[in-house]
Protein chains: 2
Amino acid sequence: MFKYSATITTMASSHTAPAGVRWLNADEQSTWRAFLAMNKLIRETLERQLQQDAGMPMTYYIILAMLSEAPDRTLRMTELAAMAGTSQSQLSHAATRLEESGWIERRRCQGDKRGYQAVLTDAGFAILRSVSPSHVESVRSVLFDALTPQQVSQLRAIAGAVTNPEV
Amino acid sequence: MFKYSATITTMASSHTAPAGVRWLNADEQSTWRAFLAMNKLIRETLERQLQQDAGMPMTYYIILAMLSEAPDRTLRMTELAAMAGTSQSQLSHAATRLEESGWIERRRCQGDKRGYQAVLTDAGFAILRSVSPSHVESVRSVLFDALTPQQVSQLRAIAGAVTNPEV
DNA sequence: TCAACTTACATGAATGTTCAAGTATTCCGC
DNA sequence: GCGGAATACTTGAACATTCATGTAAGTTGA
């Protein structure tokens, strides 16, 4: 079982702990530990499944998926990076790999010769199509199957609050 | 804003979608997207903070933290790996680095000459002590500050359900 | 219209993680 | 007490990510 030490977020022994820090209380502490364990489990599950079934990391899968939805399965690199939530550099490296695998192509932009358009190839779409069922199944079994409908909406609210804090 | 394509988990266009797959419905879909975005935000925030303040990734920080709690700040590699939630291989590589940095030492086990004990050095404890306040502050600001007390306990329950499914 | 700035990407080095072997020990059954 | 399996770790190659930097093309203002 994954355990995330008190030292990190509570620094329990008072004589060794820096003062004036808002350490986590017991509830927050156990929540934090559980949260980390959950993330670790989910990430590893999906990452492994995709690696097995498609030989690519989740990041690359998301990149392909984004392209698959775009008009003409085409996006400019910068837009693609924004949608997939990657840095430009990361996307650039990924695109090199994905191009080697024959799943995307890069074409120079017409109007703007600095830019490139990434296009999902048929092979790229095919791999996506073949892998997505097991991917969804993994997402289901590792996350949704464990939750009640209530918890699903709670989780959505929580995630929304974190990514879009009120203050 | 991070968007996680419908293609991956719903394969919306029915004429291109493999049949017989339990795709995610709209609620699950948006929950999943929000969940990924939340994780990404939290992980990147903490990873960056630790890298800045201590020059180490979160994994290494957790390893040190585990050691800091152990009796004599000492653990066998296998135990340490289990506690930190890393593979043996990962821990071995990490230990090499951490030893280079002077934050841990490795000693042969007495009874069992196959094994090694990892010991947190004073320097290791010092770095932990100096970094933990800002780490906790990051955890607070990126997660707990955004949540109500109710949501905190909901999150704990959700994480518990995922890591310890009933079925 | 030309120099300075910015934008769009690419590239390379450094680092972390995973996977597959490899090397000592120790354990176990006969 | 000996041969085979299991255990405890290490190591190296392959690959992904990040950070800093480089290059080419657009944009802007005097």
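Here is the naming used below: chain letters follow the sequence lines, and residue numbers restart at 1 for every chain. The structure displayed is predicted, hence computed values, not measured ones.
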Exercise answer: donor-acceptor pairs, residues 78-91 of chain B side-chain atoms, under 3.5 Å, sequence neighbours excluded:
residue: T78(B); atom: OG1; partner: Q88(B); partner atom: NE2; Å: 3.1
residue: E79(B); atom: OE1; partner: R76(B); partner atom: N; Å: 3.3
residue: S87(B); atom: OG; partner: Q90(B); partner atom: N; Å: 3.0

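- What separates CZ of R106(B) from P of dA8(D) is a distance of 16 Å, to the nearest Å.
- Considering only the side chain of M77(A), dC9(C) comes nearest among dC9(D), dT17(C), dC9(C).
- In terms of position along DNA chain C, the nucleotide closest to A95(A) lies nearer the 5' end than the nucleotide closest to the other residue of the pair R48(A) and A95(A).
- Between the CG atom of L75(B) and the P atom of dA8(D) there is a distance of 14 Å, rounded to whole Å.
- Contact between L143(A) and L155(A) at its shortest, heavy atoms only, is CD1-CD2, 4.2 Å.
- Per the geometry, CZ belonging to R43(B) stands 12 Å off C1' belonging to dG16(C), to the nearest Å.
- Donor-acceptor pairing under 3.5 Å, judged by distance alone, is absent between the side chain of S87(A) and the base of dC19(D).
- The interatomic distance linking M58(B) (CE) with dT15(C) (C1') rounds to 18 Å, in whole Å.
- At a threshold of 4.0 angstrom between heavy atoms, the contacts of T96(B) with the nucleic acid are absent.
- The side chain of Q90(A) has dT17(D) as its nearest neighbour among dC19(D), dT10(D), dT17(D).
- dT11(C) atom C1' lies 14 Å from atom CD of Q88(A), rounded to whole Å.
- Seen from the ring of F125(B), R73(B) counts as a face-on cation partner, given the 6.0 Å and 45° thresholds.
- For the 3.5 Å distance criterion, the side chains of Q29(A) and N25(A) fail to qualify, holding no donor opposite an acceptor.
- Here the P atom of nucleotide dT25(C) and the CD atom of Q117(B) are 17 Å apart, to the nearest Å.
- At dC9(C), one or more side-chain N or O atoms of R76(A) fall inside 4.0 Å of OP1 or OP2 (strictly under the cut-off).
- When the P atom of dG12(D) is taken as reference, atom CZ of R97(B) falls 14 Å away, rounded to whole Å.
- Annotation: of the two residues near DNA chain D, C109(B) and H93(A), the 5′-most nearest-nucleotide partner is C109(B).
- Shortest non-hydrogen contact noted between L67(A) and A118(A) is CD2-O, 3.4 Å.
- With hydrogens and angles ignored, no donor-acceptor pair closer than 3.5 Å exists between the side chain of S89(A) and the base of dC9(C).
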Just the table, please: protein N/O against nucleotides 23-26 of chain D N/O, every pair under 3.5 Å.
residue: dG26(D); atom: OP1; partner: K113(A); partner atom: N; Å: 3.1

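- Taking both residues in full, the closest heavy atoms of E47(B) and P57(B) are given as OE2-CA, 3.2 Å, listed atom of the first, atom of the second, then distance.
- Contact annotation for T59(A): backbone-only contact, meaning every heavy-atom pair under 4.0 Å involves sugar-phosphate atoms and none involves a base.
- Each of Y116(B) and Y60(A) lies near DNA chain D, and the nucleotide nearest Y116(B) is the one positioned closer to the 5' end.
- L91(A) places its CG atom 14 Å from the C1' atom of dA16(D), with the value rounded to the nearest Å.
- Ion pairing of E99(A) with R97(A) is absent here, as no side-chain N (NZ or NE/NH1/NH2) approaches a carboxylate O to less than 4.0 Å.
- Distance from the side chain of S92(B) is smallest for dT10(D) among the nucleotides dC19(D), dT10(D), dA8(C).
- Using modelled atom types, no side-chain atom of T74(B) and backbone atom of V119(B) make a donor-acceptor pair closer than 3.5 Å.
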